[in-house]
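Since the structure comes first, as structure tokens, the remarks are kept for the end.
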Amino acid sequence: MKKLYVAVVAYLYIPLMLFICMWLKIWIAIPVAAATVAALFFGVRRMVRENEQEWLFSWWQMCLIYIGFVLVCILCGQGDLFYQDDDWRLHHAILYDLVEYSWPVVYKDDVLLTYYLGQFITPAFVGKVLGHSRVVALWAQVFWNALGLMLAYLFLCQHLKTKSAVRKIIVFFVFLLWSGAPNLGTLLYQATGHDVTLCSFKWIDLNRIKVHFAPSFDALRGSFQHVIGPWICCSMFLHHKKSYGLYILMGLPLFFSSTFGFVYLAATMMAYCAFQMVFGKEWKNGIREIFSKENLLLLPLAAVILVYLSGNVFAEKPYGMGFDLLNMFTRMDFYLIFILVEFVGYFVFLFRENRKNPLYYILLVELLLIPFVSLGMFNDLCSRGSIPARFLLMVLCLEQLFRYGIKNWRNITIALIFCIGAYNEIQEVQMIVRETAEYGVGSEEILDNSFKTLNGKGGNKELRMDEAYNYYTLNYSGSWFYHIARKNGD
């Protein structure tokens, strides 16, 4: 397990180290980098000591798994070969600007690129070093994302102790096809008298109620940056739930790669820690752990990321782009259908085996409350923020499946619920293959390259609101980050 821990921590923190060393003034970068390296050294050493589990994979199995995830990434649109989600015009622009502009990326009109760059910055660095090549960066991103998926998968299989090839295959497909059943939700919503149509692989009522939970495959297609990091961090958390002194090390990378996922995973961690301290009578140990050297040494890095993102997160934005509370009590028919088709069925049939598991109740409460909070034009706080909790719910289902087998009637029901959701994802795969076959692999008709750059788009009122405000710090020279960032020529 030692090599896996080293690989995972390196994967999560290489993007942050690139950010520290190449976006910050040297007098800030050196002490922050030194504190971060020290925290990682102590943290990895402790993780290895706490988890001396038998390694369950051979080298040839890992090669096959990696090739499988490379193919999955390509199928999702990465590498510009298969039919792409609409968000790829923004993914392309962010990646290409990181390759072609000096770091930090500053556009005309005093605008700074401000986004969760964790899954972009490493491939962009490879493309920048190898001739400022967009193509190199694009394919570096494919292989980098596939590596992240493999690490998350390996960690999950180690947690589940999946020794047999059959179980490893089951985990692979559940891992990729985990989903609610929004199409079933739309049909039920129609049955209650609402005029909605089957129009999406994720929305029940896209035109009126901006609430959905992102299925695994669909999320990988449209927002891989919100998926890979959270899955890795959740897998680490499962191995070290009671190691409160490692919580910041396990969760902080999400602050830079999936801020919405970070918010809710942090809430899950804090709730679990509080539960153990109150009901498990671990007050003294809990407080001592919270102030561990690993946690404290990472606080400077956390502060730097907060300063960087603050120019975007706390900026004044048009109505509909900011934080809001949704009154689901006025849409109770929608809410009840939504929670039923997304997760309640799983929780019902998990209850008997998990009634003493605090994580079960934390996830249930969290998923029940997430639809009441909105942020962004398409409420990404709900769709992307729910990914960690839904991943952990998936793990509870797999644990119960492997413990009691498919002959257990509760597991049969859980498997049926999963198949209903997976069918929705399989339909999406069919759509990708159909569209790609019709227009040709890599053809312009199936790719979204409409944004070559984000230069000139920050605050542009002619664009859609999210495209004009979600990716920038406007008035960069007046922001906090400006005072600690490198300037051209530094």
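Any value given below was found using the heavy atoms of this structure, including those in side chains, with hydrogens, waters and symmetry copies removed. All values reported here derive from a predicted model rather than from experimental measurement. By convention here, the first residue in the shown sequence is residue 1.
In this structure, the side chains of Phe120 and Phe224 come closer than 4.5 Å at one or more pairs of heavy atoms. Contact check for Phe255 versus Leu252: side-chain heavy atoms found under the 4.5 Å cut-off. Residues Phe391 and Val395 are in side-chain contact: their nearest non-hydrogen atoms beyond the backbone lie under 4.5 Å apart. Between Leu176 and Ser216 there is no side-chain heavy-atom pair separated by less than 4.5 Å. For the pair His92 and Asp80, the minimum side-chain heavy-atom distance is below 4.5 Å. The side-chain heavy atoms of Leu326 and Val373, taken from C-beta on, include no pair separated by under 4.5 Å. Annotation: side chain of Phe173 is not in contact with side chain of Phe418 (no heavy-atom distance under 4.5 Å). Side chains of Pro358 and Gln276 form a contact here, defined as non-hydrogen atoms less than 4.5 Å apart.
Panel note: side chain Glu425, backbone Leu177; no donor-acceptor pair is recorded below 3.5 Å. Judged by distance alone, the side chain of Asn354 and the main-chain N or O of Asn357 form no donor-acceptor pair under 3.5 Å. Remark: the backbone N or O of Ile432 is not paired with any side-chain donor or acceptor of Glu435 at under 3.5 angstrom. At distances below 3.5 Å, at least one donor-acceptor pair connects side-chain atoms of Arg355 with backbone N or O atoms of Arg352. Of the possible polar contacts, one joining the Tyr66 side chain to the Phe143 backbone as a donor-acceptor pair under 3.5 Å is found. The backbone N or O of Arg167 lies less than 3.5 Å from a partner atom in the side chain of Ser164, making a donor-acceptor pair. The main-chain N or O of Arg221 is never found under 3.5 Å from a side-chain atom of Asp85 such that the two would form a donor-acceptor pair. Under the 3.5 Å distance criterion, the side-chain polar atoms of Thr413 are matched with a main-chain donor or acceptor of Trp409. In this structure a side-chain-to-backbone donor-acceptor pair under 3.5 Å is present from Asn312 to Thr114. In terms of modelled atom types and a separation under 3.5 Å, the side chain of Asn295 and the main chain of Ile290 share a donor-acceptor contact.
A donor-acceptor pair shorter than 3.5 Å cannot be found between the side chains of Ser258 and Arg384. Asp448 and His91 share no donor-acceptor pair across their side chains, judged by distance under 3.5 Å alone. Under the 3.5 Å distance criterion, with hydrogens and angles disregarded, a donor-acceptor pair is assigned to the side chains of Tyr5 and Asn51. Judged by distance alone, the side chains of Thr268 and Glu366 do bring a donor and an acceptor atom under 3.5 Å apart. In this structure, a donor-acceptor pair under 3.5 Å is present between the side chains of His159 and Glu399. In summary, the side chains of Glu289 and Ser243 do not present any donor paired with an acceptor at a separation below 3.5 Å, with no hydrogens or angles considered. With 3.5 Å as the limit, one finds no donor-acceptor pair spanning the side chains of Glu294 and Tyr247.
Distance check: Leu40 CG to Met47 CE gives 9.0 Å after rounding to the nearest 0.5 Å. For the atom pair CD of Gln400 and CG of Leu396, the computed distance is 9.0 Å after rounding to the nearest 0.5 Å. Here OG of Ser257 is found 11.5 Å from CD1 of Ile121. Values are rounded to the nearest 0.5 Å. To the nearest 0.5 Å, atoms CZ (Phe347) and CD1 (Ile339) are separated by 10.5 Å. If you take CG on Leu301 and CG on Leu306, they are separated by 11.0 Å, rounding to the nearest 0.5 Å. The CG atom of Leu298 sits 10.0 Å away from the CG atom of Leu246 when rounded to the nearest 0.5 Å.
Pro371 approaches Val211 most closely through the heavy-atom pair CB-CG1, 4.0 Å. In plain terms, the two heavy atoms of Tyr335 and Leu368 that are nearest each other are OH-O, 2.6 Å. Smallest separation of non-hydrogen atoms from Ile446 and Phe82: CD1-C, 3.8 Å. In plain terms, the two heavy atoms of Ala38 and Leu297 that are nearest each other are CB-CD1, 3.9 Å. Of all non-hydrogen atoms in Trp178 and Cys397, the two that sit nearest each other are CH2-SG, 3.7 Å.
Taking the six-membered ring where the residue is Trp, Tyr189 and Phe334 present perpendicular rings, their angle passing 60° and hence far from 30°. Using bins of under 30°, 30° to 60° and over 60° for the plane-to-plane angle, the ring pair Phe338/Phe213 lands in the perpendicular bin. In this structure, Phe329 and Phe372 have tilted ring planes: the angle between them lies in the 30° to 60° band.
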Inset, instruction - Would you check, one step at a time, whether the test side chain to side chain contact (heavy atoms under 4.5 Å, CB included) holds for Phe19 with Val304? - result: CA-CA 10 Å; Phe19 178 77; Val304 165; 3.8 Å; yes
Report task. Tell me, with the steps shown, if Leu75 and Phe217 meet side chain to side chain contact (heavy atoms under 4.5 Å, CB included). Result -> CA-CA 10 Å; Leu75 181 64; Phe217 184 80; 4.0 Å; yes
Applying salt bridge (Lys or Arg N to Asp or Glu O under 4.0 Å) to Glu54 and Lys163, what does each step give before you reach the verdict? CA-CA 10 Å; Glu54 174 191 2; Lys163 294 184 179 181; 3.5 Å; yes
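With salt bridges taken as basic N to acidic carboxylate O contacts below 4.0 Å, one links Glu353 and Arg410. A salt bridge between Glu342 and Arg390 is present, with a side-chain N of the basic residue lying under 4.0 Å from a carboxylate O of the acidic one.
Relative to the six-membered ring of Phe57, Lys168 meets both conditions, a distance below 6.0 Å and an angle of at most 45° to the axis.
Within a 6.0 Å sphere centred on NZ of Lys241, heavy atoms belonging to other residues, nucleotides or ligands number more than 12.
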